[in-house]
Amino acid sequence: MWTFTTPGAALLASRANDEWPSSPMEGRVAAADGEGRGPRSPTRSRAPLAVNTRPSTHPTRAPKTIRAAVDVMGGQNPNGSERGYATRLQTTERGAEPRLGGIIVGAETKHFLCIDPEAIPKHFDAAEAERRWDAEWEKQGTYHYDPSRPRSETFVVDTPPPTVSGSLHIGHIFSYTHTDLLVRYKRMRGFNIFYPMGWDDNGVPTERRVQNYFHVRCDPGAEYDSSLRLEPATAKQRKDRPRIVSRQNFIELCHDVTREDEKAFKQLWRRAGLSVDWREEYATVDDRSRQLAQLSFRDLFEKGHVYTAHAPFMWDVDFQMALAQADVVDREQAGATHQIEFGVEGTDRRFTISTTRPELLPACVGVTAHPDDERYRHLFAERAITPLFRVPVPIFPSERADPDKGTGILMVCTFGDATDVEWWREQGLVLRQLIGRNGRLLTVEFGTDAFPSLDADSANRTYAEIANKTVSQARKRMVELLREPAGSATGGGAPLQSEPEVIRHAIKFYERGERPLEYVPTRQWFVRLLDKKAELLAKGDEVQWHPDFMRARFRDWTENLQLDWCISRQRYFGVPIPVWYPLDAEGKPDYVNPIVAEPDQMPVDPITEAPKGADGAQRDRPGGFTGEADVFDTWFTSSLTPQIGSHWRLDPARHKKLFPADVRPQAHEIIRTWAFYTIAKALLHEGSIPWKHVVVSGWVLDPERKKMSKSLGNAITPMPLLEKYTADGARYWSASARLGTDTAIDEKIFKVGKRLATKIYNAGKFVLSQTTERLEIETLHNELDRAFAAKLRQLVARATDAFEELDHAQALVETESFFWNYFTDTFIELAKSRARSEGDPAGRGSAVAALRLGLNVLLRLFAPFQPYITEEVWSWAFAQETAQPSIHRATWPSAMDFRDVPAPGDEGSFDLATACWSAINKAKADAEVSMGRAVETLTVGATAATLERLAAVQDDVFAGARVREYRLEQRGNLEEGAFEITDAVYAER
RNA sequence: GGGCACGUAGCUCAGUGGGAGAGCGCCGCCUUGACACGGCGGAGGUCGGCGGUUCAAUCCCGCCCGUGCCUACCA
């Protein structure tokens with residue numbers, strides 16, 4: 001028996017690929033071609049042409065015409081699904097009424113359906129179709145995860161939760177489409193897809209957005225106002241001081257705003273056709289995420305992986321919070337080196353240090369030079385005297401001092417940079433903290449134990465000049481002070497030895513910050529990572545990176561890690577650190593013995609809730625407890641996305657089925673954060689990798705080839721592009737880019753994608769309107785049809801290979817070029833006239849069958865790329881024929897689709913037909929007549945061998961070219977396969 | 001400073017040890033019974049530069065130039 005639409009069970013035998021299962025039934029596939037049965041997918045039945053004949057469960061909605069048609073048709077619905085019916089209704093309601101198109105005879109007699117082209121709108125209304133199919137997919141549960149199926153048949157995606165407070169831009173569509181392409185392919189390969197979607201809403205971006213939106217500031221000491229309702233601030237209001245709101249009010253405002261932001265994202269995702277299972281939606285501040293983040297903390301605490309410490313650490317003076325190494329970026333800034341003369345205690349010796357931070361002179365706690373530096377060796381036992389403040393400080397040798405930098409000798413301050421912190425620790429230097437948490441110079445008094453001075457009065461007078469100033473103001477004033485000879489530590493004139501020399505150098509900033517970081521001693525929580533570099537590197541190597549060179553990003557970052565992970569943030573909107581500290585009799589917190597919340601208490605807010613068994617009245621009372629006010633670093637929660645999806649610790653059976661995930665898509669700039677922390681968490685919690693594959697998308701660049709981002713102001717909003725070029729068009733643009741490759745945005749590509757959808761629409765309309773009525777089809781009789789099918793079969797193999805290698809762009813190029821070059825431009829044109837011929841029933845049946853085979857297979861190959869148009873055309877007839885209401889759950893094309901198609905007599909006959917046809921077209925173009933113009937007569941010249949091979953397909957060629965009479969002429973001077981058209985006489989118009 | 005990626009037609013990008021490609025744009029023609037949201041035909045490139053390996057290099061190797069990113073330094 002021959003069939004033309006066969007979402008068969010057996011899959012194309014693809015290359016062995018150990019780590020990347022090609023199919024849920026891998027291993028059985030190759031052996032059981034034609035016999036393998038897919039798991040539970042309704043399409044995996046052996047009744048490919050069946051039409052739903054079950055009595056409708058919605059008889060009142062069933063149009064009579066359809067019911068009549070259905071009653072006529074034989075066959076069975078293989079799985080009793082009623083879904084097919086919904087689609088049929090849909091189609092019918094829109095006026096494209098399917099009707100019997102012909103009969104296929106064989107072991108079983110089947111019918112196929114065709115459409116009335118007049119009933120299909122001339123132009124495809126994409127916006128309408130996008131809304132309609134989105135609703136339909138939701139209704140049908142097309143993208144639902146089936147928890148009853150085993151892990152081996154499941155494909156798990158760890159979705160990136162976008163920061164909803166960030167601006168939506170076209171880059172979102174780009175990278176999320178890449179994921180969706182893979183997901184849709186895997187779904188059609190029979191996998192049970194787990195594709196959740198989360199929103200990352202906690203953290204600084206949301207707080208900042210809320211502050212601006214309502215023009216408010218949070219004051220944790222303020223009273224909660226349960227009736228507070230705020231409107232977005234007006235321009236006038238913004239000129240006033242921000243309104244102060246309580247912590248709880250502030251958090252509520254954050255929730256309000258993120259709820260709205262999530263809606264916008266979700267709307268865009270749905271419009272773009274992401275095949276997410278929306279039942280698996282989560283937010284990183286929702287109850288489950290908070291609970292899991294807190295459970296994560298407790299697990300790490302119990303395992304000894306977290307600790308709290310009071311120490312100088314990187315601090316953003318604007319946000320006033322501590323930072324992790326991953327939050328910090330270098331920025332090139334203008335600076336200046338200042339040469340400042342120091343004295344040596346009890347001598348008249350002197351030396352000159354070089355510094356870019358003269359304002360820290362009052363915080364100088366030591367001086368150091370390289371131990372082998374002949375210029376300074378003799379000073380190492382001495383104490384230096386600082387200028388202006390006359391503070392004696394130790395001079396010590398250090399290998400870290402570079403004799404070639406600056407003057408070779410430098411001052412150590414508390415704290416100018418990370419090296420200062422290290423010297424301070426190693427040498428046991430005193431602490432003279434100068435920079436406050438708000439970035440201004442603290443008030444200090446010289447002549448005290450903490451700030452000794454040989455001339456306290458003068459020091460205090462001088463310091464008064466810079467106290468309370470910001471760092472940059474203080475620096476400016478300090479330079480002026482250093483120009484005055486009175487401040488000299490040696491009596492040798494102005495301490496500043498020369499004019500500051502302007503340089504450009506890299507300064508550490510918080511990535512969202514505007515002022516340089518400072519090192520400020522604070523108490524923070526940390527996750528121990530430095531002692532686990534080797535394990536982290538090993539896990540990174542266990543993961544497969546696509547493209548592979550992205551692996552190096554992870555390795556570089558991990559190898560260069562300098563600090564443990566600081567996870568506490570002095571913010572309000574986030575996941576609270578679930579900890580209380582006992583208070584001693586004097587009301588001082590005991591940080592050494594924190595009380596960690598019990599698992600069954602989580603999620604918990606230690607600011608409003610008490611430890612288990614404690615009396616809330618004991619809060620902040622001597623002998624009682626105090627709640628930790630800090631929240632977690634956003635990444636502490638985001639690094640759990642695989643576990644949030646799998647419900648780790650909440651549902652162990654589910655977790656076992658969904659963890660580790662198969663694939664993690666992400667952008668390359670967050671390898672150091674999201675990927676790194678996620679690998680770290682999986683290692684610390686379970687000694688596992690979090691996912692098997694990381695798929696890295698490139699960036700979207702603006703036409704100037706700059707990265708598109710809100711901060712650069714070059715971000716393009718996606719919705720207008722989706723509306724202008726359709727979702728399928730936008731997806732086409734995304735799909736054109738290979739993984740890891742940055743892509744300049746180019747609307748021309750969107751346009752091409754829209755054009756492709758239009759062409760699919762029109763080709764579908766044409767093919768499905770071809771009928772054989774009551775004629776019988778047995779097999780592909782015709783050489784051209786067989787040669788076309790053979791080519792199509794090769795395309796299927798190539799597209800499948802490309803997807804298996806995660807090269808969606810290649811799969812698209814292959815499919816698109818085949819569709820255009822071999823299907824619409826040639827095969828349809830050549831088979832067209834036979835498909836309508838009255839005198840050749842077998843040839844006509846063969847043509848119609850081959851056209852439908854081509855359309856059916858190509859639609860499925862395009863389905864991941866253009867989900868809307870393919871679903872639309874699929875719904876016209878194939879949905880019913882296959883009893884598979886959605887193409888997105890139909891089976892990916894494979895050798896099974898061709899199992900009953902005979903091989904052509906000559907593999908090259910399709911190309912030969914095309915060549916001859918093109919030659920005639922060229923003759924017409926040269927004669928400036930239309931392609932549709934009939935040709936009264938012409939002569940075709942070719943070699944004898946070529947003409948002989950042409951014989952099998954020449955009827956289609958001349959019919960397609962509308963040639964009435966032709967003469968074949970042997971030409972020995974032409975190349976094999978080449979044609980020359982002469983003596984063409986064109987018909988009158 | 002170290003590393004990775006990239007450099008091919010006006011633009012956006014494929015590609016391969018032996019013939020230089022696609023789409024868009026451009027030029028000319030054609031309103032054909034799926035499609036003018038279309039079709040046919042055509043022009044257009046010293047494959048960043050210089051060396052090397054090879055019978056043969058756009059492709060492999062080295063150096064250089066340019067672009068982007070990661071990472072480091074940051075007196």
Side-chain angles (χ1 to χ4, degrees), chain A residues 117 120 122-124 126 330 332-333 335 337-340 352-357 368-369 400-412 416-420 503-508 547 549-557 559-560 562 668-669 671-672 698-699 701 703 705-707 726 729 733 736-738 740-749 751-770 809-810 813 816-817 820-821 824-825 828-829 832-833 836 851 917-918 920-934 962 989:
Chain A
I120 305 284
K122 183 159 175 63
H123 295 306
F124 177 52
D330 286 352
E332 279 275 314
Q333 295 275 304
T337 54
H338 305 74
Q339 318 288 321
I340 301 171
T352 301
I353 60 104
S354 173
T355 182
T356 54
R357 299 206 59 181
T368 188
R400 292 166 189 270
D402 181 350
D404 295 330
K405 277 190 179 168
T407 55
I409 190 164
L410 66 146
M411 67 172 181
V412 178
D417 60 25
T419 327
D420 278 352
I503 56 165
R504 286 199 72 79
H505 59 163
I507 307 283
K508 283 192 192 307
F549 63 77
M550 291 296 177
R551 179 189 300 279
R553 301 276 176 96
F554 178 85
R555 199 187 309 122
D556 285 356
W557 174 257
E559 281 172 351
N560 286 305
Q562 304 287 329
H668 50 75
E669 82 275 22
I671 289 174
R672 57 140 79 172
W699 282 343
L701 309 175
R705 302 201 70 83
K706 292 267 182 292
K707 186 197 171 189
T726 78
W733 164 74
S736 301
R738 289 167 310 145
T741 305
D742 296 346
T743 302
I745 184 143
D746 185 352
E747 288 198 31
K748 289 180 300 192
I749 312 293
K751 204 169 147 188
V752 173
K754 186 181 179 186
R755 200 174 67 117
L756 174 63
T758 303
K759 194 73 172 176
I760 291 173
Y761 182 81
N762 286 316
K765 191 157 65 167
F766 172 75
V767 168
L768 292 176
S769 62
Q770 303 307 302
Q810 182 64 22
V813 160
E816 182 193 18
S817 123
W820 226 278
N821 294 327
T824 62
D825 287 350
I828 286 183
E829 296 299 332
K832 190 183 265 183
S833 117
R836 287 188 288 238
L851 286 167
W917 192 61
S918 292
I920 299 171
N921 285 342
K922 181 159 166 50
K924 286 180 176 176
D926 290 346
E928 298 191 350
V929 303
S930 99
M931 292 303 125
R933 183 80 71 88
R962 295 175 203 184
R989 293 176 62 181

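What you see is a predicted model; the values in this text were computed from it and never measured. Lettering of chains follows the sequences in order, A, B, ..., and the numbering in each one begins at 1.
OP1 and OP2 of B:rA22 both lie 4.0 Å or more from every side-chain N or O belonging to A:Ser817. Within the structure, a side-chain polar atom (N or O) of A:Arg836 is placed less than 4.0 Å from OP1 or OP2 of B:rA34. An OP1 or OP2 oxygen of B:rG23 is reached within less than 4.0 angstrom by no side-chain nitrogen or oxygen of A:Trp820.
No N or O donor and acceptor, one from the side chain of A:Glu559 and one from the base of B:rA72, sit under 3.5 Å apart. Residue-to-nucleotide contacts include no donor-acceptor pair under 3.5 Å from the side chain of A:Lys754 to the base of B:rC37. One donor-acceptor pair, N or O on each side, does fall under 3.5 Å between the base of B:rC73 and the side chain of A:Asp330. Counting distance only, with no hydrogens placed and no angle test, the side-chain atoms of A:Thr758 and the base atoms of B:rC37 include a donor-acceptor pair under 3.5 Å.
The salt bridge (charged side-chain N to carboxylate O under 4.0 Å, His left out) search around A:Glu669 returns A:Lys707, not counting sequence neighbours. Under the side-chain contact (heavy atoms from CB on, under 4.5 Å) criterion, A:Gln562 pairs with A:Gln325, not counting sequence neighbours. Residues passing the side chain to side chain donor-acceptor pair (under 3.5 Å) test with A:Arg400, sequence neighbours excluded: A:Glu422, A:Glu426. Qualifying side chain to side chain donor-acceptor pair (under 3.5 Å) partners for A:Arg672, counting only residues two or more places apart in sequence or in other chains: none. In this structure, the side chain to side chain donor-acceptor pair (under 3.5 Å) partners of A:Glu816, at least two apart in sequence or on a different chain, are A:Tyr732. Scored by the ring pair (Phe, Tyr, Trp, His ring centres under 6.0 Å) test, A:Trp699 finds A:His668 as partners (sequence neighbours excluded). Partners of A:Gln339 according to the side chain to side chain donor-acceptor pair (under 3.5 Å) rule, which considers only residues two or more places apart in sequence or in another chain, do not exist here.
Take the nearest nucleotide of RNA chain B for A:Lys759 and for A:Glu332: the residue whose nucleotide is more 5' is A:Lys759. In terms of position along RNA chain B, the nucleotide closest to A:His123 lies nearer the 5' end than the nucleotide closest to the other residue of the pair A:Asn921 and A:His123.
Taking atom C1' on both nucleotides, B:rG42 is separated from B:rG15 by 24 Å, rounded to a whole Å. Using C1' as the reference atom, B:rC27 and B:rG17 are 36 Å apart when rounded to the nearest Å. Separating the P atom of B:rC65 from that of B:rG23 is a span of 37 Å, rounded to the nearest Å. Taking atom C1' on both nucleotides, B:rA9 is separated from B:rG48 by 15 Å, rounded to a whole Å. Nucleotides B:rG18 and B:rC60, compared at atom P, are 12 Å apart to the nearest Å. When the P atom is compared between B:rA75 and B:rG3, the two are found 24 Å apart, to the nearest whole Å. Across the C1' atoms, B:rA22 and B:rG44 are found 14 Å apart, a figure rounded to whole Å.
Atom CD1 of A:Ile507 is separated from atom P of B:rC73 by 13 Å (rounded to the nearest Å). Between the CZ atom of A:Phe766 and the P atom of B:rA34 there is a distance of 5 Å, rounded to whole Å. At whole-Å resolution of the value, NZ in A:Lys924 and C1' in B:rG28 are 18 Å apart.
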Atom pairs under 3.5 Å: protein N/O with N/O of nucleotides 5-9 of chain B:
none

Can you pull every protein N or O that's under 3.5 Å from an N or O on nucleotides 58-60 of chain B?
none

Please list, for nucleotides 67-69 of chain B, all pairs of protein and nucleotide N/O atoms separated by less than 3.5 Å.
residue : atom : partner  : partner atom : Å
B:rC69  : O2'  : A:Arg553 : NH1          : 3.4
B:rC69  : O2'  : A:Arg553 : NH2          : 3.3

Between the protein and nucleotides 24-27 of chain B, which nitrogen or oxygen pairs are less than 3.5 angstrom apart?
residue : atom : partner  : partner atom : Å
B:rC24  : OP1  : A:Arg755 : NH1          : 3.4
B:rC24  : OP1  : A:Arg755 : NH2          : 3.0

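Across all strands shown, A:Asp402 has heavy atoms under 4.0 Å from base atoms, whether or not it also approaches the sugar-phosphate. Nucleic acid contact for A:Thr337: sugar-phosphate only, since backbone atoms but no base atoms lie under 4.0 Å from a heavy atom of the residue.
At least one donor-acceptor pair under 3.5 Å links the side chain of A:Asn762 to the backbone N or O of A:Thr758. A:Ser769 places a side-chain N or O within donor-acceptor distance of the main-chain N or O of A:Lys765, the cut-off being under 3.5 Å. For A:Lys759 (side chain) and A:Trp820 (main-chain N/O), no donor-acceptor pair under 3.5 Å exists by modelled atom type.
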Practice prompt. Let me have RNA chain B in dot-bracket notation, would you? Count Watson-Crick plus G-U wobble pairs, both distances under 3.5 Å, and use [ ] for pairs crossing earlier ones and | for inter-strand partners.
Written response: (((((((..((((....[..)))).(((((.......))))).....(((((..]....))))))))))))....
